[in-house]
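Order of appearance sets the numbers: ligands from 1, and atoms from 1 within every ligand.
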Amino acid sequence: MMIVMTPQADQAAIDAVRAKLETTGVHVVVMPGELTTAIGAIGDPEGVERLNLEGMAGVDRVVPISRPYKLASSELGHHGATVLDIAGRTVGGGSTFCLIAGPCTVESEEQTLAVAHAVKAGGASMLRGGAFKPRTSPFAFKGLGVAALEILAEARAQTGLPVVTELLDTSHAEVLAAHADVVQIGARNMQNYALLEVAGKLGKPVLLKRGLSSSLEELLQAADYVLKEGNEAVILCERGIRTFETATRFTLDLGAVPWLKLHSHLPVVVDPSHAAGDRRLVEPLSRAAAAVGADGIIVEVHQDPDAAWCDGPQTLVAAGFAAYADDVAAHARLLGRELA
Ligand code: PEP
Ligand code: MN
């Protein structure tokens, strides 16, 4: 439910409403606006109705929040678009575009540092790299684990690029948070609710990938799991979904970008690599993502993709990254965005 206060309501009236709501155990969000304050009360709408808040001083009306997603909804976009500052890189808000680039997985210090320096020189805003890899087959390479986190930290020290890396299991949460600047939740874990709650408590921005077969409403409800832990720094990621089409690895849902922008206040990035499964499609899809209003891209890059341990066919060649970044930046500029 949403409690809309009158323009005259003072702080004492707002505090009284909050205190009354809290007696029901609902999640309360106070949203000061230019004219009026709105108070979101999430969970147990019947319990909120029984409080008869309309009779309280300063309350104008009590209205239902209509959508299944609450905290991620633009209805609760109390400060407008969410704008994140990740070690000086702005994500969200419409004037910047962030390029998150790096290998699918950390293979060695030499490999990771080489890619990190190449993408930094080409204009990347952040470095990606998997330390713990979700693999379809249990016999495939699962990542170097903590050793990879240390390599990523070294790459950050040398390049200044913040590190984005995937949290696969709650048991790795602390060590991962100690090394990462952004905690990635992979597509396969979008509905791993225990993991989302742990990620929400780490105090680091979370990059949440859309599940392989998840609707956008489900994605925003997954974001609610992180947001309700008090973590407002969530970046949504469209990475392609399962459809009847098998020519591409997944079907990149570009319509998701403007839809999410309409219905949520959270930043949205696109992963053209996992969607395409083919590096020849990555640059055109990246241009399209920039042109359709994405806040950034997360893309796989390797010095020698043919020798990569994971996802080589969809991985860009590091030597071509600067030209790729220039092309994407030109398309982002069409919408008034500069590289973060
Ligand atoms: C990744 O980014 O490395 C990854 C595994 O992606 P996804 O979860 O989207 O498959
Ligand atoms: Mn990959």
Side-chain angles (χ1 to χ4, degrees), residues 98-107 111-112 115 119 124 126-138 140-145 148-149 151-152 162-169 172 176 180-192 195-196 199 205-214 216 218-219 222-223 226 234-243 248-254 256-257 268-279 281-282 285-286 289 294 296-318:
C98 78
L99 266 181
I100 306 167
C104 177
T105 185
V106 172
E107 299 166 14
Q111 166 252 6
T112 302
V115 180
V119 299
M126 295 186 227
L127 176 68
R128 63 147 288 148
F132 300 95
K133 295 301 298 178
R135 301 308 301 272
T136 302
S137 165
F141 174 65
K142 291 198 192 114
L144 295 179
L149 295 176
I151 292 170
L152 288 166
V163 163
V164 182
T165 193
E166 179 166 351
L167 175 65
L168 195 61
D169 188 307
H172 308 139
L176 192 122
D181 299 282
V182 177
V183 175
Q184 178 174 326
I185 298 292
R188 289 155 190 82
N189 272 319
M190 188 203 88
Q191 290 181 310
N192 182 341
L195 188 67
L196 295 174
V206 171
L207 188 152
L208 177 62
K209 295 190 124 189
R210 179 182 184 181
L212 317 185
S213 299
S214 294
L216 294 173
E218 288 164 342
L219 171 62
V226 179
V234 176
I235 304 167
L236 305 168
C237 179
E238 162 59 34
R239 48 78 72 211
I241 49 173
R242 278 262 156 83
T243 68
T248 48
R249 187 174 177 192
F250 293 94
T251 298
L252 185 62
D253 180 8
L254 282 170
V257 177
V268 180
V269 302
V270 166
D271 176 346
S273 306
H274 291 89
D278 177 339
R279 82 175 63 90
L281 307 186
V282 168
L285 291 177
S286 303
I297 276 174
I298 178 164
V299 65
E300 291 184 336
V301 183
H302 194 286
Q303 295 293 115
D304 181 7
D306 291 337
W309 294 1
C310 186
D311 286 348
Q314 68 195 32
T315 297
L316 295 178
V317 182

Within-4.5 Å side-chain heavy-atom neighbours: Gln314 and His274: yes
For atom 4 (C) of ligand 1, closest protein heavy-atom neighbour: His274 NE2, 3.5 Å
Test item: Arg279 side-chain N/O and Ser273 main-chain N/O as donor-acceptor pair under 3.5 Å: no
Heteroatom distance test (Arg188, ligand 1): nitrogen or oxygen, under 3.5 angstrom: yes
Any Gln184 heavy atom less than 4.0 Å from ligand 1: yes
Protein residue, atom and distance nearest to atom 8 (O) of ligand 1, heavy-atom basis: Ala187 N, 2.8 Å
Side-chain donor/acceptor of Gln111 to backbone N/O of Thr105, under 3.5 Å: yes
Verdict with supporting geometry, His302 and Asp311, side-chain hydrogen bond (donor to acceptor under 3.5 Å, both in side chains): CA-CA 10 Å; His302 194 286; Asp311 286 348; over 6 Å; no
Short side-chain to backbone donor-acceptor contact, Ser214 and Arg210, under 3.5 Å: no
Cys310 near the Mn ion (ligand 2) via N/O/S, less than 2.8 Å: no
Lys133 side chain to Cys104 backbone, donor-acceptor under 3.5 Å: yes
Rounded to 10 degrees, the angle OD2 of Asp311 makes with OE2 of Glu300 at the Mn ion (ligand 2): 130°
Interatomic spacing from CG in Leu236 to CE in Met190 - rounded to 0.5 Å: 10.0 Å
Interfacing atoms of ligand 1 (cut-off 4.0 Å, heavy-atom, Gly186): 8 (O)
Atom 9 (O) of ligand 1 [closest protein heavy-atom partner, distance rounded to 0.1 Å]: Arg239 NE, 2.6 Å
Distance from atom 5 (C) of ligand 1 to nearest protein heavy atom, with residue and atom: Glu166 OE1, 3.8 Å
Identity and distance of the protein heavy atom lying nearest atom 6 (O) of ligand 1: Lys209 NZ, 2.9 Å
